[in-house]
2 protein chains.
Amino acid sequence: MNLKDLAASLGLSQTTVSRALNGYPEVSEATRKRVAEAALRHGYRPDSRARSLATGKAMAVGLVLPMTARQEIVNPIFADFVAGAAETLASRGYDIVMSLAGEEEQTQIYRSMLSKGRVDGMIMQAPLTGDRRIGLLKQLGMPFVVHGRVSDHDDEYCWMDIDNRHAFHTATDHLLDLGHRRIALLNGIEAMDFAHRRRDGFLEALAERGLTADTALMASEAMTEHYGHREAARMLRLPDPPTAFLTSSLLVAMGAQRAIASRGLRMGLDVSVVTHDDGLSYLPNGEPDAPIFTATRSPVHDAGHICAEMLLRLIDAPQTAPFHTKLEACLVLGPSSGPAPNL
Amino acid sequence: MNLKDLAASLGLSQTTVSRALNGYPEVSEATRKRVAEAALRHGYRPDSRARSLATGKAMAVGLVLPMTARQEIVNPIFADFVAGAAETLASRGYDIVMSLAGEEEQTQIYRSMLSKGRVDGMIMQAPLTGDRRIGLLKQLGMPFVVHGRVSDHDDEYCWMDIDNRHAFHTATDHLLDLGHRRIALLNGIEAMDFAHRRRDGFLEALAERGLTADTALMASEAMTEHYGHREAARMLRLPDPPTAFLTSSLLVAMGAQRAIASRGLRMGLDVSVVTHDDGLSYLPNGEPDAPIFTATRSPVHDAGHICAEMLLRLIDAPQTAPFHTKLEACLVLGPSSGPAPNL
DNA sequence: AATCATCCTCAAAGCGCTTTGGACACTCGA
DNA sequence: TCGAGTGTCCAAAGCGCTTTGAGGATGATT
């Protein structure tokens with residue numbers, strides 16, 4: 001049942017039916033009611049393509065599924081981020097069109113998005129340092145916002161990011177204040193821009209106290225539990241082991257926790273752990289009021305919300321100058337961090 | 001730059017340009033080359049809506065982001081599943097349109113998918129026992145395949161599922177063979193069909209050896225690490241604690257592992273743990289050759305592949321009778337399970 | 001020279017919707 | 001009685017593509 005048929009069955013023109021359905025004022029209340037009722041009865045649904053073609057709006061935004069750089073690992077953040085974004089978008093009638101950023105050439109990846117009309121804008125995730133996709137998107141003239149950012153070109157596009165440098169600076173300060181001097185950093189892959197910033201924040205905080213990092217206490221890898229376990233275990237076996245771990249995700253922290261426990265040490269007493277916590281719904285940091293890990297927390301679900309909100313704003317007014325949102329992660333104190341031993 | 005302009009700039013008709021671009025034989029090789037070259041130079045991209053309207057194919061499939069029943073928890077499986085599906089779909093030129101299954105009425109949820117023409121078919125995930133969405137999809141006459149299934153109406157629609165009952169039967173047998181008699185089940189939410197089946201497999205295996213389950217050793221909740229920890233810790237404090245845990249996800253197993261360790265017990269020696277492992281890329285079960293947990297393994301990434309493949313088949317031939325894929329999970333042996341103590 | 005395949009190309013009719021620019025009937029004040 | 005104003009409705013022109021049914025060149029065949 002299309003508009004033509006519906007109009008015919010009502011003895012009205014397509015124009016009138018369309019207007020009645022879309023709430024235009026040029027239609028009498030009686031007619032509108034009659035049309036609405038018939039549409040419901042016949043299960044009429046406008047064809048989104050036709051409507052989109054006529055209006056010029058796709059009512060959809062594109063999202064590229066990020067794969068952690070060069071790894072076959074799907075970003076665990078994705079599900080919560082997209083859930084957040086989807087809530088906002090759905091409430092405004094927008095759909096999400098997903099593509100997979102695989103190994104092929106970037107240009108090729110954005111192929112389907114680019115086929116004009118599929119989407120009104122895009123959200124880009126997990127930018128690498130010096131990511132070239134941003135140039136590509138700008139060149140295409142499609143509205144987009146980046147979740148995260150690329151250091152060099154901060155002000156040329158819209159982004160939403162947490163202050164990763166500040167977060168890790170704060171976290172490091174926290175450990176330094178507790179008397180820790182040998183602090184290990186279990187970071188994510190530092191080709192990712194956020195991991196790079198976190199490392200900077202860590203080093204900065206150390207430097208401010210006149211400390212230099214021990215490269216033997218720094219690791220950078222895809223953020224799995226196994227990685228956290230392996231590296232923490234290795235570091236704890238060192239002649240001069242760390243008294244604290246700063247990790248980039250809850251999974252890594254859990255791995256570190258396991259390494260600490262299996263060495264007969266007590267987390268929070270013998271060895272401290274501070275982590276970043278993306279607030280993933282399926283990976284909560286203890287009970288809401290009783291966190292297990294001391295953490296810099298910033299729910300990625302909220303990030304999804306905000307990115308979507310920004311993108312919709314940009315779509316409504318494509319010519320506005322680039323704008324940004326920077327979120328501060330808050331430091332949540334848990335039992336996993338405590339005074340450095342031997343003090 | 002649209003087809004009309006491109007044709008004009010070449011002094012050709014739209015027909016010829018369209019045919020040249022889409023590989024129809026009625027165009028001379030010379031013309032085709034000339035057209036392709038001009039299209040590239042002008043950065044011409046066909047409008048997907050217009051093309052879709054003309055061909056009747058949307059070249060996209062719908063995917064509903066599942067939320068674990070009544071919980072605000074995003075299914076951690078989602079990211080890997082969708083990555084798998086996206087690979088297959090992308091290779092065939094299909095996009096993915098996502099919607100969020102929120103709290104509203106189901107009918108409302110499928111709204112955008114239903115607006116005709118958005119998608120050619122759908123993949124439904126995480127069905128509940130007696131899920132009504134299936135009836136809805138059937139009634140709509142849109143091709144769909146279900147990841148998982150709903151017990152009562154197995155043969156009325158296409159589904160892909162792992163043999164959850166058999167997997168948990170096997171896992172339970174494994175523990176029984178090792179001499180365990182008090183086995184705890186840390187299951188997912190049993191409103192989910194798969195969790196229900198797992199429980200059945202567990203109980204069946206016990207029954208076959210003349211054992212009955214102790215309800216104090218059975219829990220059912222959203223599958224988080226915290227849940228695994230809390231429930232395992234509680235059960236280990238019982239007067240007659242379990243000697244083995246059977247858990248529904250790696251995260252839960254990790255929680256149990258933590259509970260075991262913090263009680264000063266050794267996993268695999270004092271207490272065994274067997275889990276189901278969805279093979280999530282960001283949550284590997286140890287090293288590829290050295291798993292940590294004994295597990296029934298079935299990568300959800302592959303499930304995504306298969307579901308997509310099935311859906312494409314269904315889209316190509318919508319009238320075929322419902323067909324199914326049942327995958328067997330394989331039992332991976334790790335150091336987390338061993339002979340029951342006191343034997 | 002006329003006929004006929006064989007290529008290559010085209011004009012035009014959709015696909016299903018929105019939207020522009022009236023048309024028609026009716027009311028109301030002058 | 002007229003003109004303007006108002007409230008409803010409509011025909012038709014797009015939106016950008018694919019596809020049908022023909023048409024104009026060629027060169028080969030009669």
Side-chain angles (χ1 to χ4, degrees), chain A residues 1-36 38-39 42-60 93 95 111-120 142, chain B residues 1-36 38-39 42-60 93 95 111-120 142:
Chain A
M1 169 69 67
N2 57 20
L3 187 61
K4 193 157 101 184
D5 297 340
L6 184 61
S9 86
L10 281 162
L12 291 171
S13 74
Q14 296 191 40
T15 311
T16 304
V17 175
S18 171
R19 296 207 143 134
L21 255 25
N22 293 325
Y24 282 70
E26 298 94 333
V27 162
S28 74
E29 226 22 75
T31 311
R32 186 189 306 285
K33 195 142 264 167
R34 204 160 64 91
V35 170
H42 291 104
Y44 168 74
R45 301 270 164 188
D47 186 302
S48 62
R49 301 165 295 191
R51 160 179 277 173
S52 170
L53 196 55
T55 59
K57 305 229 54 178
M59 293 308 282
D95 280 331
R111 171 189 44 77
S112 53
M113 298 294 171
L114 305 186
S115 67
K116 264 195 112 195
R118 259 266 190 267
V119 299
D120 298 316
M142 178 176 295
Chain B
M1 169 70 64
N2 57 20
L3 187 61
K4 193 157 100 183
D5 298 341
L6 183 62
S9 86
L10 281 162
L12 292 173
S13 75
Q14 296 191 40
T15 311
T16 304
V17 176
S18 171
R19 296 208 143 132
L21 256 23
N22 293 326
Y24 282 70
E26 298 95 331
V27 164
S28 74
E29 226 23 76
T31 311
R32 188 191 305 285
K33 196 142 262 168
R34 204 160 63 92
V35 170
H42 291 103
Y44 168 75
R45 300 270 163 187
D47 185 304
S48 62
R49 301 164 294 191
R51 159 179 277 173
S52 169
L53 196 54
T55 58
K57 304 229 54 178
M59 292 308 281
D95 281 330
R111 172 188 44 78
S112 53
M113 298 292 171
L114 305 187
S115 68
K116 264 194 110 194
R118 258 264 190 267
V119 299
D120 297 317
M142 177 177 295

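Every chain is numbered from 1 and lettered A, B, ... according to where its sequence line falls, protein lines coming before strand lines. The basis for the numbers below is simple: all heavy atoms, side chains too, and nothing from hydrogens, waters or symmetry mates.
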Just how far, in rounded Å, is [atom2] of [N] from [atom1] of [X]?
{"X": "K33(B)", "N": "dC8(C)", "atom1": "NZ", "atom2": "C1'", "result": "18 Å"}
{"X": "K57(B)", "N": "dG16(C)", "atom1": "NZ", "atom2": "C1'", "result": "19 Å"}
{"X": "R19(A)", "N": "dT18(C)", "atom1": "CZ", "atom2": "C1'", "result": "9 Å"}
{"X": "Q14(B)", "N": "dG14(C)", "atom1": "CD", "atom2": "C1'", "result": "13 Å"}
{"X": "L10(A)", "N": "dT8(D)", "atom1": "CG", "atom2": "P", "result": "17 Å"}
{"X": "K4(A)", "N": "dC10(D)", "atom1": "NZ", "atom2": "P", "result": "16 Å"}

Check whether any side-chain nitrogen or oxygen of [X] sits under 4.0 Å from OP1 or OP2 of [N], and answer yes or no.
{"X": "S13(B)", "N": "dC10(C)", "result": "yes"}
{"X": "Y24(B)", "N": "dT9(C)", "result": "no"}
{"X": "S18(B)", "N": "dC17(D)", "result": "no"}
{"X": "T31(A)", "N": "dC9(D)", "result": "yes"}

Minimum-distance nucleotide to L12(B) side chain [options: dC10(C), dC9(D), dC17(C)]
dC10(C)

Is there a donor-acceptor pair closer than 3.5 Å between any side-chain N or O of D120(B) and the backbone N or O of K57(B)?
no

We want to know whether R51(A) and N22(A) form a side-chain donor-acceptor pair, criterion being a heavy-atom distance below 3.5 angstrom.
yes

Which is more 5' along DNA chain D, the nucleotide nearest T15(A) or the one nearest D47(B)? Just name the residue.
T15(A)

For S28(B), report the nucleic acid contact type (base, sugar-phosphate, nothing); a contact means any heavy atom under 4.0 Å.
sugar-phosphate

Report yes if the side chains of R118(A) and D47(B) come closer than 4.5 Å at any heavy-atom pair, otherwise no.
no

For a quick test of your reading: what N or O donor-acceptor pairs under 3.5 Å do the side chains of residues 5-18 of chain A make, sequence neighbours left out?
unit_1: S9(A); atom_1: OG; unit_2: L6(A); atom_2: O; d: 2.9
unit_1: S13(A); atom_1: OG; unit_2: T15(A); atom_2: N; d: 3.4
unit_1: S13(A); atom_1: OG; unit_2: T16(A); atom_2: N; d: 3.2
unit_1: S13(A); atom_1: OG; unit_2: T16(A); atom_2: OG1; d: 3.1

By nearest-nucleotide position on DNA chain C, the 5'-leaning member of N22(A) and T55(B) is T55(B)

